[in-house]
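Please read the structure below before turning to the comments.
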Amino acid sequence: MSDIHITFPDGSVKKYETGITGQDVLHDLNGRIKKEAVAVKVDDKLFDLHRALPSGKIEFLTFDSREGKDVFWHSSAHIMAHAVKNVFPKAKLAFGPPVEEGFYYDIDAGQSIGTDDLAKIEEEMQVIVNANRPFERDELSVDEAIAIFKEKNEDFKVEQIERLGEPPAIYREGDFIDLCRGPHLPSTGYVKHFKLLTIAGAYWLGDEKNPMLQRLYGISFPKKSQLDEFVNRLEEAKKRDHRRLGRELDLFSIQDDIGPGLVLWHPQGAFIRHKIEEFWRERHLKTGYEFVNSPHIARKSLWNTSGHLEFFSENMYSSMEVDEQEYLVKPMNCPFHLLIYKSRTRSYRDLPYRWAELGTVYRYERSGVLHGLMRVRGFTQDDAHIFCRPDQLDDEVVKLIDFSTGMLKAFGFDNIDVYLSTRPEKYVGSLPNWERATEALKNGLEEMGVPYAVDPGEGVFYGPKVDIKIRDSIGRSWQCSTIQVDFNEPERFDISYIGADGEKHQPIMIHRALLGSLERFFGVLIEHYAGAFPLWLAPVQVSVIPITDGQHEYAKAVHAQLIEADIRAELDDRNEKVGYKIREAETRKIPYMLIIGQKEVDLKTVSLRKRHEGDLGSSNLTELIALIQDQVNAKSSS
RNA sequence: GCCACCAUAGCUCAGUAGGUAGAGCGACUGAUUUGUAAUCAGUUGGUCGCGGGUUCGACUCCUGCUGGUGGCUCCA
């Protein structure tokens with residue numbers, strides 16, 4: 001038997017006997033790694049710590065790495081499944097993988113598992129963890145494995161083994177056996193701190209036609225502090241929930257009498273929206289766009305021409321009849337912009353056209369998917385369509401990527417994730433066109449040096465797209481910007497321009513939205529800032545707070561001066577104590593408070609207080625006004 | 001749409017052997033003239049989401065619907 005040669009990260013090579021395990025190698029090492037290693041990687045292949053290793057480059061995984069977390073959470077899922085089997089012996093297990101944060105297991109318990117059962121399952125898990133039993137790996141033949149799982153009535157596992165068709169690995173932990181590729185933690189005792197989170201429905205193999213299983217979500221950590229931090233973060237996210245802040249700050253509401261997914265913008269919310277729109281218009285004019293407007297409904301025939309009835313009808317509101325003609329509410333703005341293009345002959349000299357519209361569209365969304373402002377049925381897209389010559393496509397894509405990232409940055413979103421979505425199964429248009437369009441997007445991204453990931457098959461039916469997802473301040477990501485190349489609709493509407501050669505040519509169309517929809521963007525913005533909008537967006541920027549009515553006259557003058565300087569100021573001359581008024585201004589997240597007592601009247605100053613920061617001492621009003629104006633103009637994000 | 005859960009005053013919530021509801025905050029009124037996150041007192045406020053059923057009697061039990069929450073599937 002030959003020896004095993006292990007290459008360490010520092011480049012040194014050590015010789016071991018055949019059969020050496022990760023655990024054995026660890027034995028010779030020092031430091032934290034000895035305790036914290038959860039699995040081991042040799043030449044990019046993962047192994048349990050107690051499995052015999054081949055020769056190669058070794059790397060020990062800990063919870064700190066992505067792969068380490070996956071191992072940790074995967075084992076946690078096994079423990080949870082084991083616990084579920086103890087509580088519900090008839091339960092059938094489906095899949096139980098780690099996810100980005102935590103793990104889940106899909107289970108058919110034979111009866112419904114309710115939230116009350118989670119505590120019982122957690123107790124069982126604790127018993128399993130305390131027992132600190134090893135996870136043992138075994139490799140079986142297909143027939144052996146099927147026999148084992150058949151005997152345990154694990155139908156889903158049997159189905160899975162049959163689908164795999166190759167000899168599967170299984171893991172044992174006490175009397176619990178699960179089909180699994182691994183690797184796993186050395187023993188159950190590693191999962192020291194855990195919590196079950198929610199129960200949700202999920203289809204077997206993710207297909208709606210299959211039976212629905214119950215998915216149990218959980219999280220676990222090696223250290224208690226990590227679990228505490230996780231729980232804190234959930235609470236923090238709850239506090240930032242735009243639905244809660246929307247009510248507390250009186251920004252918007254969604255009411256039964258109107259219908260699900262239809263938004264009322266209250267004065268303060270509408271104010272912010274107008275500020276966003278104002279900024280949006282300025283930027284578009286500077287970037288070479290023109291504005292257009294279009295109606296909310298159109299004849300059915302238009303939607304036939306555009307292909308929406310064929311490809312998008314399940315998302316459209318049903319038709320209404322007017323003068324014996326059928327009309328449909330628009331789910332998109334593009335057909336209208338195409339008809340504007342078509343309204344006269346276009347020359348190659350005039351291209352590209354960049355036409356933008358804050359167009360309100362309506363889409364039927366299944367009731368279960370609606371979510372506050374993030375997913376609604378009526379929304380306003382910051383839409384635009386660019387009509388260009390084929391030779392202009394690459395350049396336009398580059399400009400768009402620059403434009404959208406710049407726009408998002410202005411609102412404080414620096415962290416973005418970019419995805420290139422390619423041709424879906426259901427599509428229109430020719431393959432070469434799809435390839436060209438995809439190529440153009442790819443080139444644009446690469447030229448701008450934007451890192452991106454490919455989302456295969458996630459494009460729209462009429463073309464590939466680039467999506468930009470923004471991360472809010474607690475790391476959740478939301479899709480806003482989308483840039484979609486469309487070779488299809490120009491063809492359907494038969495639009496053209498006269499080229500230099502005097503012949504007709506077909507322009508290329510790009511659909512794009514930068515903020516996505518104002519509703520979703522506002523929702524993201526609320527959560528991003530936790531309701532404390534930057535000065536330039538804040539509906540009320542300053543609250544002037546006199547301490548007693550002895551200062552009302554001076555406070556009024558201060559207030560008037562602020563208004564004169566175009567600062568959105570409020571005078572709080574109610575008969576309340578300062579503490580009360582300050583508390584209320586803080587809760588309303590007003591950026592600045594000017595406290596005015598007798599001292600300020602005498603010295604002709606104001607006492608400045610900033611939200612979240614507290615008392616900043618006395619200040620000269622003229623200087624303060626200049627400072628505020630500067631901040632507003634700079635659109636600084638604090 | 002599907003699975004689980006939820007729906008009591010404007011908001012947050014209490015109210016299980018089934019006997020027609022309660023707190024805090026808010027709002028309103030008054031007193032208080034107050035120095036950096038809640039002054040005090042009083043008043044107001046609910047066909048207990050909607051419809052059916054069981055019962056002498058339903059906020060409470062059953063059932064249908066509507067809406068919401070967390071997921072699945074789908075998406076800006």
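No hydrogens, no waters, no symmetry mates; every other heavy atom, side chains included, goes into these values. Lettering follows sequence order; numbering is per chain, from 1. What you see is a predicted model; the values in this text were computed from it and never measured.
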A:Arg377 atom CZ is separated from B:C75 atom P, nearest whole Å, by 16 Å
Report task. State whether the distance check finds a donor on one side and an acceptor on the other, under 3.5 Å, for side chain A:Arg375 versus base B:C74. Result -> yes
In Watson-Crick or G-U wobble terms, with both distances under 3.5 Å, the base opposite B:U39 is B:A31
Base of B:G1 paired with side chain of A:Tyr203 (donor-acceptor, under 3.5 Å): yes
Which part of the nucleic acid, if any, lies within contact of A:Phe312, taking any heavy atom under 4.0 Å across all strands shown: a base, the sugar-phosphate backbone alone, or nothing?
nothing
A:Leu262 atom CG is separated from B:G67 atom P, nearest whole Å, by 11 Å
**Prompt:** According to a strict under-4.0 Å criterion, is A:Lys209 in side-chain N/O contact with OP1 or OP2 of B:C2?
**Reply:** no
Ranking A:Tyr364 and A:Val578 by the position along RNA chain B of their nearest nucleotide, the one closer to 5' is A:Tyr364
* Quick one: does NZ or CZ of A:Lys195 land under 6.0 Å from the six-membered ring centre of A:Phe230, within 45 degrees of the ring axis? -> no
With the stacking rule set at 5.5 Å and 30°, tell me whether A:Tyr217 counts as stacking on B:G71. no
Point to revise | Sugar-phosphate, base or nothing in reach of A:Arg366, heavy atoms under 4.0 Å | key: base
note: A:Asn315, atom CG; B:U73, atom C1'; distance rounded to Å ~ 12 Å
Atom CD of A:Gln214 and atom P of B:C3 are separated, to the nearest Å, by 11 Å
Taken to the nearest whole Å, CZ/A:Phe413 to P/B:A76 is 18 Å
Separation of B:A37 atom P from A:Arg588 atom CZ, nearest Å, is 17 Å
Re B:U60: Watson-Crick or G-U wobble partner, both distances kept under 3.5 Å, found to be none
- prompt: How about A:Phe411 and A:His528: are their ring centroids closer than 6.0 Å?
  reply: no
Note to self: Using a distance-only criterion (donor-acceptor N/O pair, under 3.5 Å, no hydrogens), is the base of B:U36 paired with the side chain of A:Arg583?
What the structure shows: no
Within the 4.0 Å heavy-atom criterion, would you say A:Gly206 contacts the bases, only the backbone, or no part of the nucleic acid? sugar-phosphate
Taking atom NZ of A:Lys604 as the centre, does the number of heavy atoms from other residues, nucleotides or ligands within less than 6.0 Å exceed 12? yes
Using Watson-Crick geometry (N1-N3 plus N6-O4 or O6-N4) or G-U wobble (N1-O2, O6-N3), each under 3.5 Å, B:G1 is paired with B:C72
For B:C5 versus B:A9, give the span between their P atoms, rounded off to a whole number of Å. 23 Å
Hey, is the side chain of A:Arg520 pairing donor to acceptor with the base of B:C75 inside 3.5 Å? yes
* Parallel, tilted or perpendicular: which fits the ring planes of A:Trp265 and A:Phe522, with parallel below 30° and perpendicular above 60°? -> parallel
| Got a donor-acceptor contact below 3.5 angstrom from the A:Glu527 side chain to the A:Val524 backbone? | no
- Message: Base, sugar-phosphate or nothing for A:Lys599? Non-hydrogen atoms, less than 4.0 Å.
- Response: base
Among B:U39, B:U73, B:G35, the one nearest any side-chain atom of A:Gln598 is B:G35
Picking from B:G71, B:U36, B:U33, the nucleotide nearest the side-chain atoms of A:Thr548 would be B:U33
Of B:C72, B:C75, B:G71, the nucleotide closest to the side chain of A:Arg363 is B:C75
Side-chain atoms of A:Pro260 come closest, of B:G67, B:C72, B:U36, to B:G67
Taking B:C74, B:C2, B:A76 as options, the one with an atom nearest any side-chain atom of A:Gln381 is B:A76
*asked:* With a cut-off of less than 4.0 Å, is there a side-chain N or O of A:His371 near OP1 or OP2 of B:G70?
replied: yes
Is it the case that over 12 heavy atoms from other parts of the model lie below 6.0 angstrom from the CD atom of A:Glu553?
no
To the nearest angstrom, the CZ-P distance between A:Arg574 and B:U39 comes to 11 Å
**OP:** Give a yes or no on whether a donor-acceptor pair under 3.5 Å exists between the nucleobase atoms of B:G35, that is its base, and the side chain of A:Glu600.
**Re:** yes
From the list A:Tyr105, A:Trp204, A:Phe103, ring-ring contact (aromatic ring centres under 6.0 Å, His included) partner of A:Phe95 resolves to A:Trp204
Of the candidates B:G70, B:C75, B:U39, the side chain of A:Tyr580 sits closest to B:U39
Between NZ of A:Lys465 and P of B:C74 the distance, given in whole Å, is 12 Å
Decide whether A:Glu489 and A:Tyr462 meet the rule of one side-chain donor and one side-chain acceptor closer than 3.5 Å. no
Does A:Arg611 place a side-chain N or O at less than 4.0 Å from the phosphate oxygens OP1/OP2 of B:A37?
no
- Message: Check this one for me: any side-chain N or O of A:Thr482 less than 4.0 Å away from OP1 or OP2 of B:A76?
- Response: no
The Watson-Crick or G-U wobble partner of B:G18, with both key distances under 3.5 Å, is none
Looking only at B:U33, B:G35, B:G68, the nucleotide nearest the A:Asp549 side chain is B:U33
Side-chain contact check for A:Ala202: nearest option of B:C75, B:A76, B:C72 is B:C72
NA contact type, A:Gly201, heavy-atom cut-off 4.0 Å: base, sugar-phosphate, or nothing?
base
Sticking with atom P, work out how far B:U54 lies from B:U66, rounded to a whole angstrom. 24 Å
